[in-house]
Amino acid sequence: MHAGRILVAKVGLDGHDRGIKVVARILRDAGYEVIYTGLFQTPETVAAAAVDEDVDAIGLSMLSGAHLTLAPLVVEAIRARGADIPVIVGGIVPDSDLDELAAAGVTTVLRPGATAEEIVESVGRALSAAQPSQVTGSTP
Amino acid sequence: MVVMATNHDRWQEAYEASPLRDTRFETMSGIPLDPVYGPDDGEFPGQYPYTRGPYASMYRSKLWTMRMFAGFGTAEDTNWRFKEIIKSGGDGLSTAFDMPTLLGLDSDDPMSLGEVGRCGVAVDTLADMADLYRDIDLGEITTSMTINSPAAVIFAMFVAQAEQAGIPRARLGGTLQNDILKEYQAQKEFVFPPRESMRLVRDTIAFTAAEMPRWHSISISGYHIREAGSTAAEELAFTLANGFAYVELAKEAGLAVDSFAPRLSFFFNAHIDFFEEIAKYRAARRIWARWLKERYGAESERSMQLRFHTQTAGVSLTAQQPEVNIVRTAIEALAGVLGGTQSLHTNSMDEALALPTEKAARIALRTQQVIAQETNVAHVADPLGGSHFVEALTDEMERQAEELFAELDRMGDGSMLEGAIRGIEENWFQGKIADSAFELERKLNSGDRVTIGVNGYTDGNDDDQIELLKITNEDEQRQRKRLETIRQDRDSDAVAAALERVRTEAADPEVNLMPALIDAVKTYATLGEIMHAMETEFGRHVEVPTI
């Protein structure tokens, strides 16, 4: 029994895969089943793999500055398949881009230097937020 | 009685024959300094195996080249930045290409969306290359181009634009990175399969050996291996092993080792562990000299003298408290200088967040100028040579590298060329690098290693963010338009014929492709079209994804 299935992906032309491999191992050690589809993926191939593999979340590693173009396209491609899977972006993302990514439907952005603990926590949060809400007792 | 000349005597003779910079070689308090220190019978700079430096006089003759890497937006934008660099005292150019160019794609390719001009300059045709170096005297200033998979095509454009500007090939000085092996191992900007790519490398080595005596055909790069997560010893070993592979490649093609080895150059990382880095550079020179002489039969000193470029470690920069990166970069740059680098790029403080602003890039260059002009560290060659610590660490680096060479030699059944290719095909390099990266991450997460602002001393992390360079999508639009115009204006029959010749010659491994590539770029065939013509024959490399 694992904590969930995560697809980690490199979209576009950026080949720097150090970060994604480290994050994949961190998540694996935290009990997730991790699927990595390799370099040079498109928003379409990522969305297709995510739906086919029925993953609980998608992690995109983006270091080349193309995140404002590509991350929204991934969200759109998932929605176009009628799915709702949280998308987490990690990499070189300046603060000034955070609002735009959130507006485009990106669930969380992990900044450079995020610790293993922060990575596991934010994936956990993204997953639980995506679950149908369970009302237990009264909440304000 | 015969008086034997000591190493010191021989060094003295070479030193006295060297031109010197016009400066006083003394401390700031006026203590005169020798060019180098050490026992008379010890090793001196400029003496085999060159642990202490390739030249007798080192920085007393010439400081390292302050070569700042730049490139963004369109060729015109980057040309402007180049001229700024020259104006503020940089003395070599270093060209960063954008991701589509690095992968041999045109700016209007669907895969290029969002990446045009972002991490470097977009070059689609000869017209862009002409704009890139417009009004810069390429016969005087040296140029480096960071390009690998499509290196032969970009180099063809470079040669063709210089010809248009009236500069003879023989006068062009500079470096083509052209190190494809480390792409499969670390940086992952590959297109063709390894063996086909190596044929293009062979063609560029042969072409420059014959026609361009001032050109470095390959910059064998450990930088990216280290950035991808290797240890210092792995960076050292994999880089030199790749170097041995290129030597064997050129020898197999019938070139005499001394005809091309003097034009091979290296590119190392300067990471934050100060002494380990210095030991790495010293060990690199010693290993290269021994292998070139003993294994590959080099006789020319120039073949044995390892010369290298250094860049401070991008991965050591933090997004948190970015101003602290200036300090990291200064320490790393100093390691490069004390290790005897021939040229240096210093990263800007904002590069964990974006491409550098002009101000951040200027501070980075100023960092080098402080080291060069204020500290006097360049007065004495190999100032740490003879330190028990640094000598022991140098020996240890060499020992660890030799262990890895032995593994590769076994993998290649006695051929380092085969060892490098099989090591790639079997994920040996990639696996070792990923393991080392994860190990370092574990140390950070357990607190065994502290990075200021990340897992310690985080006060100040919430300060206002520094000003960052914004690259808009307008550049992408402009570049696509420009390409569209060029496609309309060129002679399409000439393009088709040139591309067909590239394809036919690609099919014959005996042919050197450079002349066909130069003719093709002159018709304004695009980078993408030429790469596609070669791909028809070469096929494409696909990496098996592993975690």
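All values below come from the heavy atoms of this structure, side chains included, with hydrogens, waters and symmetry mates left out. Throughout, a chain's letter reflects where its sequence line sits, starting with A, and its residues are numbered from 1.
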Between B:Val454, B:Leu353, B:Thr451, which residue shows the highest count of heavy-atom pairs closer than 4.5 Å to chain A? B:Leu353

Are the side chains of B:Gln187 and A:His16 in contact, using a 4.5 Å heavy-atom criterion? yes

Checking B:Leu444 against chain A: side chain, backbone, both or neither under 4.5 Å from a heavy atom? neither

Sub-4.5 Å side-chain heavy-atom contact between B:Arg118 and A:Asp14: no

Selection from B:Leu355, B:Thr546, B:Leu440 maximising heavy-atom pairs under 4.5 Å formed with chain A: B:Thr546

Contacting moiety of B:Asp435, where chain A heavy atoms sit under 4.5 Å: both

Bottom line for B:Ala354: the part with an atom under 4.5 Å from chain A's heavy atoms is backbone

A:Val8, part contacting chain B, at a heavy-atom distance under 4.5 Å: neither

Highest number of heavy-atom pairs under 4.5 Å with chain B: which of A:Ala116, A:Ala114, A:Gly91? A:Ala116

Under 4.5 Å from a heavy atom of chain B, the part of A:Thr115 involved: both

Any donor-acceptor pair under 3.5 Å linking the side-chain atoms of A:Ser64 with those of B:Glu115? yes

Counting heavy-atom pairs under 4.5 Å with chain B, the top scorer among A:Val93, A:Ile20, A:Ile26, A:Leu73 is A:Ile26

